[in-house]
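Accompanying notes for the structure given below.
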Amino acid sequence: MTVNTKGIEADLNIRRIEAIRTSFSLNGAWLQSQNYSSDFTYFDDFSGIGGKDRTHIGLYGPSMSRRNTEQLNSALRIIHNIPQIGLVISLTTETMWITKDWYQFGNDTIPVSYISKLDGKIPI
Amino acid sequence: MKQYSAYAEENFNIKINNKNNLAIQMGLRYDLMNKMKGFLSPRINGSLEVIPNIFFIRGGYGLTAKMPTLIYVYPEKAYFEYININEMASTTIPENERIIMTTTRVFDTDNSDLKIASNNKSEIGFDIQTKKLTLNVTAFKENLKNGYSMSPVFTPVIFNEYLRASVSQQTYFLKESNPVLAKYFIPKK
């Protein structure tokens, strides 16, 4: 299994502004990831439970299907202080701007080989 | 399961032009686990002070090893029960004559080719610090290879099915003999 990820993370903190007794913290991240197995993708949907219904197993090329994800999220935190009553109020808002999930397929129409039911080997 | 690790780190601080500090952190880790090969993972991080106390540029590179969990190192054997004949549900055969016969097949799921998963990560970024705010931005890229998963394997088995000659006659003959595939999962990279 292989996973390739890239991303950008940012973090902004505005220190307490005395005039409004409030501090701000904003962070965000963008991530893109792709994962796949270097194994063959196999097809075994036409086989039955009984012995004579066993079929050969179709094999698509290695790394035939790749899963991709992408996300962009941010969080804003506002912290306000009311000294008269010794209270701190914080407000946090998190947003998922993008959440994507998709598959990328190679040749998914015709199997390139098969595992023989006779000997479990891949004839080439 | 036994795992041994050793880690060494060194921090350098170099002054450039007598005012800009360059901080470098270097580390080296070694992991050794039974049944697996040893793995050496180096890392280096650097931070350059472009504007003293205010603006810094950083970069880093590191390789980390992810050791397999117990199930990948000592996977359970795969068991199969092939039913050669089963007369238990029969209504015509007398109860004391009904038979059941199965063949148990056991397969080792050990994969000695399992490689240690490793993650390769590089990053670059900057930091800004002032009296009013701090800002950190980092861009990174990582690549995990030989990640662990359980993948199917198919092993050939000859599956024989028997049949009783007739209700009155307690003799059995081979009805069918078919090649089948036993499907089970083994740890793979």
Side-chain angles (χ1 to χ4, degrees), chain A residues 1-19 22-45 47-59 62-63 67 113-123, chain B residues 66 72 82-84 103 107 114-115 117-162 174-183 185-189:
Chain A
M1 173 113 141
T2 302
V3 185
N4 294 317
T5 311
K6 59 186 172 184
I8 297 170
E9 288 164 351
D11 211 336
L12 173 70
N13 288 292
I14 297 171
R15 292 186 216 275
R16 188 179 147 106
I17 300 166
E18 285 306 328
T22 305
S23 64
F24 299 86
S25 159
L26 175 70
N27 55 63
W30 171 79
L31 289 170
Q32 201 180 56
S33 176
Q34 182 182 67
N35 66 62
Y36 57 90
S37 160
S38 339
D39 243 10
F40 283 100
T41 301
Y42 71 95
F43 177 86
D44 190 24
D45 285 1
S47 200
I49 301 163
K52 66 176 186 304
D53 301 322
R54 176 72 251 177
T55 61
H56 298 304
I57 293 169
L59 294 176
S63 314
R67 181 172 184 257
S113 189
Y114 68 97
I115 297 174
S116 169
K117 67 174 180 179
L118 303 173
D119 56 10
K121 290 194 171 77
I122 303 172
Chain B
K66 296 191 177 183
Y72 290 106
Y82 290 95
I83 301 165
N84 305 107
T103 305
F107 300 103
L114 195 68
K115 289 206 170 76
S118 61
N119 193 54
N120 207 316
K121 183 168 181 172
S122 1
E123 63 172 56
I124 186 160
F126 64 86
D127 300 320
I128 294 172
Q129 290 177 11
T130 68
K131 282 198 182 73
K132 288 187 170 147
L133 58 85
T134 63
L135 174 68
N136 317 102
V137 177
T138 310
F140 70 92
K141 207 172 173 178
E142 60 184 305
N143 166 248
L144 172 80
K145 60 174 188 182
N146 300 327
Y148 308 110
S149 67
M150 297 298 269
S151 297
V153 290
F154 300 89
T155 302
V157 170
I158 296 295
F159 178 28
N160 293 328
E161 288 166 275
Y162 296 90
L174 186 66
K175 188 183 93 183
E176 275 178 36
S177 180
N178 289 297
V180 294
L181 295 168
K183 177 191 178 186
F185 291 79
I186 66 165
K188 276 195 188 167
K189 56 179 183 176

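Computed over heavy atoms, backbone and side chain alike; hydrogens, waters and symmetry mates excluded. Chain A is the first sequence line, chain B the second, and so forth, proteins listed ahead of strands; every chain is numbered from 1.
Around atom NZ of A:K117, more than 12 heavy atoms belonging to other residues, nucleotides or ligands sit under 6.0 Å away. For B:L174, the CG atom is densely surrounded, since the number of other residues' heavy atoms within 6.0 Å is greater than 12.
With a threshold of 4.5 angstrom between heavy atoms, A:D44 approaches chain B through side-chain atoms but not through N, CA, C or O. With a 4.5 Å cut-off on non-hydrogen atoms, B:F154 touches chain A through its backbone and its side chain both. Of the two parts of B:E176, only the side chain, counted from C-beta on, holds a non-hydrogen atom closer than 4.5 Å to a non-hydrogen atom of chain A. With a 4.5 angstrom heavy-atom cutoff, A:F40 does not touch chain B via any of its atoms. Using a 4.5 Å cut-off between heavy atoms, B:N146 contacts chain A through its backbone alone, with no side-chain atom that close.
If you tally non-hydrogen atom pairs under 4.5 Å between each of B:L133, B:N120, B:I128 and chain A, the highest count goes to B:L133. Interface remark: of the candidates B:N119, B:V153, B:L135, B:L135 forms the most heavy-atom pairs closer than 4.5 Å to chain A. Heavy-atom pairs under 4.5 Å with chain A were tallied for B:E142, B:E123, B:K121, B:K141; the largest tally goes to B:E142. Per-residue counts of heavy-atom pairs under 4.5 Å with chain B were compared for A:I57, A:I17, A:L118; the largest is that of A:I57. Comparing B:T155, B:T130, B:I158, B:N160 by heavy-atom pairs within less than 4.5 Å of chain A, the highest count is held by B:T130.
Scanning residues 29-37 of chain A against chain B with a 4.5 Å non-hydrogen threshold yields A:L31, sorted by number.
The side chain to side chain contact (heavy atoms under 4.5 Å, CB included) test applied to B:S149 returns B:S151, not counting sequence neighbours. When the side chain to side chain contact (heavy atoms under 4.5 Å, CB included) test is applied to A:A10, the partners found at least two apart in sequence or on another chain are B:V137. With sequence neighbours left out, B:D127 forms a salt bridge (Lys or Arg N to Asp or Glu O under 4.0 Å) with B:R58.
For the pair A:R15 (side chain) and B:T134 (backbone), a donor-acceptor distance under 3.5 Å is absent.
The CG atom of B:L181 lies 7.5 Å from the CD1 atom of A:I115; values are rounded to the nearest 0.5 Å. With values rounded to the nearest 0.5 angstrom, A:D11 atom CG is found 8.5 Å from B:T138 atom OG1. Rounding to the nearest 0.5 Å places CG of A:N4 at 4.5 Å from CG of B:N143. Interatomic distance, CD1 of B:I124 versus CD1 of A:I8, reported as 11.5 Å (0.5 Å rounding).
Under the 4.5 Å side-chain criterion, counting only non-hydrogen atoms from C-beta, B:N178 is not in contact with A:R54. In this structure, the side chains of B:F140 and A:T5 come closer than 4.5 Å at one or more pairs of heavy atoms.
Across every non-hydrogen atom of A:G51 and B:F159, the tightest pair is CA-CD2, 3.7 Å.
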